[in-house]
Amino acid sequence: ADRFQQSLALGAVHSALWPQGILSFSLNLRGVEDRVRVFDPGGREGASLRTRELLGFAGIEPQLSAHWEGALGLEARTWNEPGRTASGAGGLARLRQVNAAGTPVAQIEANLTGAYQRVSAAGELHLARLTGGRLDVIPFGRYGWGSRLPLRATFALGGGEGFPGLALGERRGSREVLAGLRMQYG
């Protein structure tokens, strides 16, 4: 999915122990140049759109428990895309649940700035009664809402996995609701 993207990231983190685990103070800066794929109504790919953005975050990232992490801080973004150059600063809040390996299984995030607003949630349920031997059936869902979003912050139908019958990133928008079942054998 990132074959059209180039990025450079810099960051500094200071971590300290607190009663729930680790409390990190973070300062991150990331520059990205991306070529966003564009499709006509018939699904044929056209020329990609070149976008550039600079994204900064300063805040805290606490470990809330063995399986819960958070982030709260200030976010600043400036971006350039065809027909629009803008900047915005505001708040970012994130709550994430991870499994024992540290892989996210649920996350909710809100970016509220003067230039755009974006709220997203994603998660999956691992229930013992949906597991039969080596076959796991895992319900999952995603929700997204945005207003005046930069092109790179829009929601692609099907997310990073795509949607059956469509090219990856073929349909983008400011809203997303998705529910499904994933089956894995292992």
Side-chain angles (χ1 to χ4, degrees), residues 1-3 5 7 9 11 13-28 30 32 34 55 57-75 77 90-113 116-147 149-150 152-186:
D2 293 333
R3 64 184 173 150
Q5 177 180 315
S7 65
V13 176
H14 173 75
S15 299
L17 291 176
W18 74 311
Q20 283 75 19
I22 299 171
L23 178 62
S24 298
F25 300 91
S26 300
L27 180 61
N28 302 304
R30 182 173 177 215
V32 179
D34 200 357
L55 179 64
F57 171 79
I60 59 170
E61 297 180 280
Q63 178 182 358
L64 303 170
S65 71
H67 296 287
W68 288 94
E69 303 169 345
L72 184 63
L74 299 175
E75 176 185 84
R77 180 187 307 236
L92 175 135
R94 178 177 47 242
L95 182 62
R96 177 185 305 161
Q97 182 186 23
V98 297
N99 63 18
T103 305
V105 293
Q107 176 173 301
I108 185 167
E109 180 173 295
N111 311 74
L112 305 173
T113 75
Y116 69 95
Q117 295 79 43
R118 185 178 196 275
V119 176
S120 63
E124 52 188 48
L125 296 173
H126 293 265
L127 303 171
R129 64 177 175 252
L130 294 178
T131 301
R134 297 177 66 184
L135 179 65
D136 292 331
V137 178
I138 303 166
F140 67 90
R142 260 195 322 269
Y143 170 80
W145 172 90
S147 175
L149 293 173
R152 282 187 32 83
T154 58
F155 301 98
L157 184 61
E161 298 85 35
F163 194 82
L166 298 177
L168 190 62
E170 184 173 336
R171 303 276 196 268
R172 304 182 76 84
S174 60
R175 311 282 189 274
E176 176 185 37
V177 176
L178 175 73
L181 292 174
R182 187 177 77 228
M183 300 173 97
Q184 63 187 38
Y185 184 80

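Residue indices begin at 1 and follow the sequence shown.
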Asks: For residues Leu149 and Gly173, report the shortest heavy-atom separation together with the two atoms involved.
Replies: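 In terms of heavy atoms, the two residues are closest at CD1-O, 4.5 Å.
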Asks: Over all heavy atoms of both residues, which pair between Gln117 and Trp145 is shortest? Give the atoms and the distance, please.
Replies: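 That closest heavy-atom pairing would be CB-CZ3, 3.8 Å.
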Asks: A side-chain contact here means heavy atoms from C-beta on lying under 4.5 Å apart; do Leu23 and Leu17 qualify?
Replies: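 A side-chain contact under 4.5 Å is absent here.
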Asks: Rounded to the nearest 0.5 Å, what separation is found between the CG atom of Leu64 and the CD atom of Gln97?
Replies: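 Going from the CG atom of Leu64 to the CD atom of Gln97 covers 11.5 Å.
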Asks: Enter the distance from Arg172:CZ to Phe155:CZ here, rounded to the nearest 0.5 Å.
Replies: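 If we round to the nearest 0.5 Å, Arg172:CZ and Phe155:CZ are 10.5 Å apart.
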Asks: Please report the closest heavy-atom contact between Ala156 and Gly169, naming both atoms and the distance.
Replies: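 That closest heavy-atom pairing would be CB-CA, 4.1 Å.
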Asks: Counting C-beta onward and ignoring hydrogens, is there a side-chain heavy-atom pair between Thr113 and Arg77 closer than 4.5 Å?
Replies: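 Not touching, per the 4.5 Å side-chain cut-off.
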Asks: Give me the atom names and distance for the closest heavy-atom approach of Trp18 to Pro62.
Replies: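 Heavy-atom minimum between the residues: CZ2-CB, 3.5 Å.
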Asks: Let me confirm one number: the CD1-CG distance from Ile138 to Leu181, rounded to the nearest 0.5 Å.
Replies: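 Going from CD1 on Ile138 over to CG on Leu181, the span is 10.0 Å.
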Asks: Out of Glu109, Glu161, Glu124, which residue meets the salt bridge (charged side-chain N to carboxylate O under 4.0 Å, His left out) rule with Arg142?
Replies: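 Output: one option passes, namely Glu161.
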Asks: Calculate, to the nearest 0.5 Å, the distance between atoms CG and CG belonging to Leu157 and Leu178 respectively.
Replies: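 The distance works out to 7.5 Å.
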Asks: Could you pull out the closest heavy-atom pair between Arg175 and Gly146, with the gap in Å?
Replies: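 Taking every non-hydrogen atom into account, NH1-O, 2.6 Å.
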Asks: Decide salt bridge (Lys or Arg N to Asp or Glu O under 4.0 Å) for Glu61 and Arg94; before the verdict, give the C-alpha distance in whole Å, the side-chain angles of both, and the deciding distance to 0.1 Å.
Replies: CA-CA 9 Å; Glu61 297 180 280; Arg94 178 177 47 242; 3.6 Å; yes
Asks: Would you compute the distance between atom CZ of Phe140 and atom CG of Leu125 and round it to the nearest 0.5 angstrom?
Replies: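 It comes to 11.5 Å.
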Asks: How close do Gly21 and Gln63 get, counting heavy atoms only, and between which atoms?
Replies: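 Closest heavy-atom pair between Gly21 and Gln63: CA-OE1, 3.8 Å.
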Asks: I would like to know whether Arg118 and Glu75 meet salt bridge (Lys or Arg N to Asp or Glu O under 4.0 Å); could you show each step before the answer?
Replies: CA-CA 12 Å; Arg118 185 178 196 275; Glu75 176 185 84; over 6 Å; no
Asks: Using 0.5 Å steps for rounding, measure from the CD1 atom of Ile60 to the OG atom of Ser24.
Replies: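 Answer rounded to 0.5 Å: 10.0 Å.
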